[in-house]
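Notes to accompany the following structure.
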Amino acid sequence: MDIKLDISKIHGFVSEATVNGYADKTASAHAKLINGTGEGNDFLGWVNLPDDIMPQLDDICITAQQLRSECEVIVCVGIGGSYLGAKAVIDALSNSFAAQSKLFPQIVYAGQNISEDYLYELQQYLIDKKFGIVSISKSGTTTEPALAFRLLKTQLEQQQDKEAAKRLIVCITDKAKGALRTLATQEGYKTYVIEDNIGGRFSVLSPVGLLPIACAGFDIRKLISGAQRMKELCASDKLEQNPAAQYAAARNALYESGKKIELLVNFHPKLHNIAEWWKQLYGESEGKGHKALFPASVDFTTDLHSMGQYIQDGERHLFETVISVAEPEHHVNFPHNDANLDGLNFLAGKRVDEVNKMAELGTMLAHVDGGVPNIKLTMPRLNEYYLGELIYFFEFACGISGYVLGVNPFNQPGVEAYKKNMFALLDKPGYEKESAAIKARLA
């Protein structure tokens, strides 16, 4: 079985003929991805990554096992695509209460913010722990991860020694240049390469995501196998045969019809960070030229008790893409209670998942009736294989969708603006002019 896409619940809002009318555009976009003829074609290494990464898997697993054997905690240092994909997969596969049951190594994260309290509390937490570091940065100079890595490297060397740090620090960085590559070479750290043709948000199936996922104890071979399967399913340039093309066509048709927000919905709490990864993937890839869908997310049924009113009755500028997990990993039946004070004996003997599935179906019906189109993605189970399928599906669909929209899906010119202002305000050497201009504005 494979992940299944169902776009039938959008046809009351955009016709089937309208969606099918995107066939030529999606075929053209598909050709640009496969042949490397579109804008951003120097960042298409992810397209064949499920096959190209195979020779590295054994080495990644060996490194992960070495870290696992010595560490209670492994700190994944990175920001954006350097950590979001790994965290999404790890959280989706982990026991919801693993930290409470003292299972090691625990994977924690740093470098994704500049919060002094967060870094202080992390360092305090690590004081009595055997920990290792996986530092992920192309340049080694991105402020958030560079700051965190300097603090944690110093702490690791003080708690153990520099010789131990050589074994317990792994760097994933540029093959030949940059501050992190230079440091790794000087210190003798184990390294993996972030290839020049793979952008951060498309890097989860590279060592960037695979090493932390393997460190957490999950099967990266199954993850890659699922991605390979989805790559096969996306091989056709025919709209009716390619689920990624169908998703790209559907969301662009809805956007052109006036829908401006796409909500990624789940009814399984372990998928929360899949949505966080997805938001970067689509927001950074398509949000250019003052256009594109705004990617947002909700966790149901939780957020039905906070955002449900707006989704049902607020402005009709959104649609939902629902990720449904067909079969949970565990089996829990609802018990009978003689007093029945809560009035729930009508559920006695039913699986909890049956209740959840009826909530899912009832919500879809209510939202469609309320003017919210629904796209549905069904995963047979929540495991490495189907997460691999899901990741590649969203990546390939993103490439097609961006080209259909008329943007370069593989650059991100807008992310530098805040950095320039921050460096100027911090009086970084080389930013004297910008610093003077900003301070004059703020005076």
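These numbers were taken from a predicted model, which means no experiment stands behind them.
A salt bridge links Glu360 to Lys376: one of the charged nitrogens lies within less than 4.0 Å of a carboxylate oxygen. Ion pairing of Lys270 with Asp91 is absent here, as no side-chain N (NZ or NE/NH1/NH2) approaches a carboxylate O to less than 4.0 Å. Contact check on Lys138 versus Asp174 returns a salt bridge, with a Lys/Arg side-chain nitrogen under 4.0 Å from an Asp/Glu carboxylate oxygen.
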(request) Show your reasoning for whether salt bridge (charged side-chain N to carboxylate O under 4.0 Å, His left out) applies to Lys130 and Glu72. (result) CA-CA 5 Å; Lys130 295 178 181 178; Glu72 296 172 282; over 6 Å; no
(request) Would you check, one step at a time, whether the test salt bridge (charged side-chain N to carboxylate O under 4.0 Å, His left out) holds for Glu327 with Lys357? (result) CA-CA 10 Å; Glu327 182 63 30; Lys357 289 296 193 297; over 6 Å; no
(message) Please determine whether side chain to side chain contact (heavy atoms under 4.5 Å, CB included) holds for the pair Leu263 and Val372, giving the CA-CA distance in whole Å, both sets of side-chain angles, and the decisive distance to 0.1 Å.
(response) CA-CA 10 Å; Leu263 288 177; Val372 180; over 6 Å; no
(message) Show, in sequence, the C-alpha distance, side-chain angles and deciding distance for Phe410 and Phe202, and conclude whether the ring-ring contact (aromatic ring centres under 6.0 Å, His included) test is met.
(response) CA-CA 9 Å; Phe410 307 112; Phe202 289 88; 5.4 Å; yes
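Contact record, Ile136 with Ser82: CD1-O, 3.2 Å, taken as the closest heavy-atom pair. For Trp278 against Pro295, the heavy-atom pair with the smallest separation is CZ3-CB, 3.6 Å. Closest non-hydrogen pair, Asp2 versus Arg229, comes out as OD2-NH2, 2.8 Å.
At a threshold of 4.5 Å between non-hydrogen side-chain atoms, the residues Val134 and Val77 do not count as touching.
A distance-only check finds no donor-acceptor pair linking the side chain of Ser297 to the backbone of Ala275 [under 3.5 Å]. The backbone N or O of Cys234 lies less than 3.5 Å from a partner atom in the side chain of Asn242, making a donor-acceptor pair. Listed for the Lys288 side chain is a donor-acceptor partner under 3.5 Å among the backbone atoms of Glu284. Between the side chain of Asn333 and the backbone N or O of Gly349 there is at least one donor-acceptor pair closer than 3.5 Å. Looking at Gln228, its side chain does come within 3.5 Å of a backbone N or O of Pro50 through a donor-acceptor pair. The backbone N or O of Val14 lies less than 3.5 Å from no partner atom in the side chain of Thr18, so there is not a single donor-acceptor pair. With His331 contributing its side chain and Arg351 its backbone, the two residues share no donor-acceptor pair below 3.5 Å. Of the possible donor and acceptor atoms, one in the side chain of Lys259 sits under 3.5 Å from a partner among the backbone N and O of Arg316. Put simply, the side chain of Asp58 never gets that close to the backbone of Cys61: no donor and acceptor are under 3.5 Å apart.
Taking the six-membered ring where the residue is Trp, Tyr282 and Tyr247 present perpendicular rings, their angle passing 60° and hence far from 30°. The aromatic rings of Phe300 and His367 sit perpendicular, their planes meeting at an angle over 60°, well past the 30° parallel limit. Relative orientation of the His317 and Tyr310 rings is tilted, given thresholds of 30° and 60° on the angle between their planes.
By the neighbour-count criterion of 12 heavy atoms within 6.0 Å, atom NZ of Lys190 is densely surrounded, having more than that number from other residues, nucleotides or ligands. At most 12 non-hydrogen atoms from other residues, nucleotides or ligands lie less than 6.0 angstrom from CD of Glu116.
Of the N and O atoms on the side chains of Tyr255 and Glu286, not one donor lies less than 3.5 Å from an acceptor on the other residue.
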